[in-house]
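Notes for the one structure printed next.
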There are 2 protein chains.
Amino acid sequence: MPQLSLRIDLDPDGRIGPGKIELLEHIAAFGSISAGARRMNMSYKQAWGLVVEMNRIFGKPVIAAQKGGRRGGGAELTPVGMAVITRYRAIERAANEAAAAHMEALQEEIEQA
Amino acid sequence: MPQLSLRIDLDPDGRIGPGKIELLEHIAAFGSISAGARRMNMSYKQAWGLVVEMNRIFGKPVIAAQKGGRRGGGAELTPVGMAVITRYRAIERAANEAAAAHMEALQEEIEQA
């Protein structure tokens, strides 16, 4: 079955797609940029570049240094970072639902043509 | 206002997004691959590569040589090519509608954070 993948164009130069969202989710899950990057087979430099780009796009930081705790030096999502993930996933779900009938019809039209 | 852009992943290696769809629309409107490519500031070679890729993805040709007429050598869409455009645009419209409330909410959450 065909899958949709979504990009949100936020300003002429700013685009959020599945890669950036997954990176934020991995940073949230593993507690640091380096651990998140590692799980995605991405270099720290590349991950950091994407975080900087998202900060620019949204005009506010998407992650912040984790305060205190045994694991100093970690990172956690800011409210903006969390909102971005949550809304992206909600949009994805809504879009997939809205598109499902068309996707099936397209599949059939191709088979019958 | 943020805009959605959609890609449809049809097989592990096949992806249809706004660029391929626009190319098909331009070929349909201007009657040949070369004219369609020109309107998109794309080389003929690049446009032809995208057409070949779509033929592979759908397992059937998306365009065909135009038969007869004064303007021999032109190209027109096949039923598969037309179905792909129509369904992609319908999916886009449905997805944008389904996503609108989330897009607005995201915008507000970012401003308020």
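All values below were derived from every heavy atom in this structure, side-chain atoms included, with hydrogens, water molecules and symmetry-related copies excluded. Just so we're on the same page: letters track the sequence lines, and every chain starts at 1. A quick note: this is a predicted structure, and the numbers were derived from the prediction, not measured.
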Give me the atom names and distance for the closest heavy-atom approach of [X] to [Y].
X	Y	answer
A:L6	B:L6	CD2-CD2, 2.7 Å
B:A95	A:A98	N-CB, 4.4 Å
A:K60	B:A113	NZ-O, 2.7 Å

Quick check: are there more than 12 heavy atoms from other residues, nucleotides or ligands sitting under 6.0 Å from CZ of A:R39?
->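 It does not: A:R39 CZ has 12 such atoms or fewer within range.
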Is [X] in contact with chain B via its backbone, its side chain, both, or neither, using a 4.5 Å heavy-atom distance?
X	answer
A:E111	backbone
A:Q112	backbone
A:R15	side chain

Under a 4.5 Å heavy-atom cutoff, which of A:A90, A:P79, A:A101 has the most pairs with chain B?
->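 Most heavy-atom pairs under 4.5 Å with chain B: A:A90.
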Largest heavy-atom contact set with chain A, pairs under 4.5 Å, which of B:G14, B:A83, B:G59 |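 When all of B:G14, B:A83, B:G59 are compared, B:A83 has the most.
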From [atom1] ([X]) to [atom2] ([Y]), nearest 0.5 Å:
X	Y	atom1	atom2	answer
B:F58	A:Q107	CZ	CD	9.5 Å
A:I16	B:L4	CD1	CG	12.5 Å
A:L106	B:T86	CG	OG1	9.5 Å

Considering the options B:Q3, B:M103, B:H102, which one meets the side-chain contact (heavy atoms from CB on, under 4.5 Å) requirement together with A:I8?
->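 Filter result, single survivor: B:M103.
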